[in-house]
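What you see below is based on every heavy atom in this structure, not just the backbone, and it leaves out hydrogens, waters and symmetry mates. This one's a predicted model, so the numbers in the text were calculated from it and none came from an experiment.
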Amino acid sequence: MDSFTKEINESYFNTVIFYALMRGIHFVVYILALSKIWAGPKRTGQSRVGMTVVITILFTLATADFGSFWAYVRSAFIAHGETENSIAEALDSYPTWFTAMLSYSDANAALADGVIIWRTWVIWGRNWRITVLPIITTLLTIAFSIIAIFQVVTNTTFGILGVDYATALYITTLFTTIFCTGAIVYRVVAIGGFASYSSILEILIESAILYCVATVFALIANIVDGPAAEYASAFWSACVGIAPTLVVARVAAGQAKPKSKWPWDTETCIQSNEGVVSFPRFFHASRDMSSHTQTNAETATRLYHDQEGSSGDAKTKEFV
């Protein structure tokens, strides 16, 4: 048995143990979130049911993904465990049913992205402009996942030749998480600084930065490829469920700033405790261009009426 075969066998075996540990952590976080939802501050029944459904789906899909991975590794070590080489060959075969089960983690990623986008929308004063790009990349993630799984299961070249759709999936997911994480951290600091949150850890949980870091590791491991990539994949699959569940738990416990405390953004700036913070320009470029002519016309009309009503008395008004 060569060293590479030994590395393959050990990496898969140890990944199952590591993944099982992450499932235990997710279970604790899930139970904690449920207790916060139903025993926390008073909420409407619809809100509690909605939160429960979301985190339950996240937990169920993550558990199903772990179950399929465990069954795959068990089959290699038990059913094909005659020699070390036969185990490695079984682990490297990737049966069709196992590849199809990858849809669990992909569906979980899409749902997790939805939770992070929702939280970004709330923190940005329910302003839809901030969510346009992450929504588009999440839709691309879903599309890439469907194409990648379809290619493997049907053994066809459906899609654009030469495109690694698995890597594309990680890239779009990474863009979504980085964008939303950056937007949340910027908004929190711009509105109230660190004073509105008792610690850096709470801001990191609010922005789901754990999910962002796990996605970076998964993308790098997928590009480099090799037995060690299984650890990053298991870590990412676990964090996809844990990170949004922590966000929901904070909201349910009343520890996150409620929606009413985030200013409603209707203009190109946001109010903070220390003054005005400019809204990112690219969200308003098209709006400014389309309304430029109308604004000038309205200003000229108002000036004309003021001059007519002044009866010769010079009066100047400044319109902003």
State which residues pass side-chain hydrogen bond (donor to acceptor under 3.5 Å, both in side chains) with [X]; sequence neighbours excluded, sorted by chain then number.
X    : result
T172 : T141
Y12  : Y94, E230
S35  : none
T52  : W38

Is [X] atom [atom1] crowded by more than 12 heavy atoms from other residues, nucleotides or ligands, each under 6.0 Å away?
X    : atom1 : value
F217 : CZ    : no
Y104 : OH    : no
F13  : CZ    : no

Pairwise distance [atom1]([X]) to [atom2]([Y]) - rounded to 0.5 angstrom:
X    : Y    : atom1 : atom2 : value
T56  : I37  : OG1   : CD1   : 7.5 Å
T177 : Y170 : OG1   : OH    : 12.5 Å
F77  : E84  : CZ    : CD    : 7.5 Å
T181 : I178 : OG1   : CD1   : 8.0 Å
I171 : L140 : CD1   : CG    : 11.5 Å

Kindly write out the residues that satisfy side-chain contact (heavy atoms from CB on, under 4.5 Å) with [X], not counting sequence neighbours, or none if the list is empty.
X    : result
E7   : F4, P227
A90  : A76, H80
S145 : D106, I149, L169
I117 : T131, P134, I135, T138, T176, C180

Other hydrophobic cluster members with I146, side-chain heavy atoms of Ile/Leu/Val/Met/Phe/Trp/Tyr under 4.5 Å, chained?
I142

Do L133 and L139 sit in one hydrophobic cluster, given that two such residues count as connected whenever their side-chain heavy atoms are within less than 4.5 Å of each other, even indirectly?
no

Hey, quick one: are I55 and L32 part of the same hydrophobic cluster, counting side-chain heavy atoms closer than 4.5 Å, chains of contacts allowed?
no

Closest contact, heavy atoms only, [X] versus [Y]:
X    : Y    : result
V240 : A109 : CG1-N, 3.5 Å
D113 : Y211 : OD1-OH, 2.9 Å
V54  : L111 : O-CD2, 3.9 Å

Looking only at atom types and distance, does a side-chain atom of N85 sit under 3.5 Å from a main-chain N or O of T5, one as donor and one as acceptor?
no

Side-chain polar contacts of residues 232-239 - donor-acceptor pairs under 3.5 angstrom, sequence neighbours left out - could you list them?
| residue | atom | partner | partner atom | Å |
| --- | --- | --- | --- | --- |
| W236 | NE1 | T215 | OG1 | 3.2 |
| S237 | OG | S233 | O | 3.0 |

Hey, are the side chains of [X] and [Y] touching, using non-hydrogen atoms and a 4.5 Å cut-off?
X    : Y    : answer
W124 : I184 : no
F144 : T167 : no
R119 : I123 : yes

Quiz: residues 14-28 side-chain donor-acceptor pairs under 3.5 angstrom, not counting sequence neighbours:
| residue | atom | partner | partner atom | Å |
| --- | --- | --- | --- | --- |
| N14 | ND2 | E10 | O | 3.1 |
| N14 | ND2 | Y231 | OH | 3.4 |
| T15 | OG1 | S11 | O | 2.5 |
| Y19 | OH | D65 | OD2 | 2.5 |
| R23 | NH1 | H26 | ND1 | 2.8 |
| R23 | NH2 | H26 | ND1 | 3.3 |
| R23 | NH2 | T63 | OG1 | 2.9 |

Before giving the answer on side chain to side chain contact (heavy atoms under 4.5 Å, CB included), spell out for V29 and L246 the whole-Å C-alpha distance, their side-chain angles and the decisive distance to 0.1 Å.
CA-CA 7 Å; V29 173; L246 285 173; 3.7 Å; yes

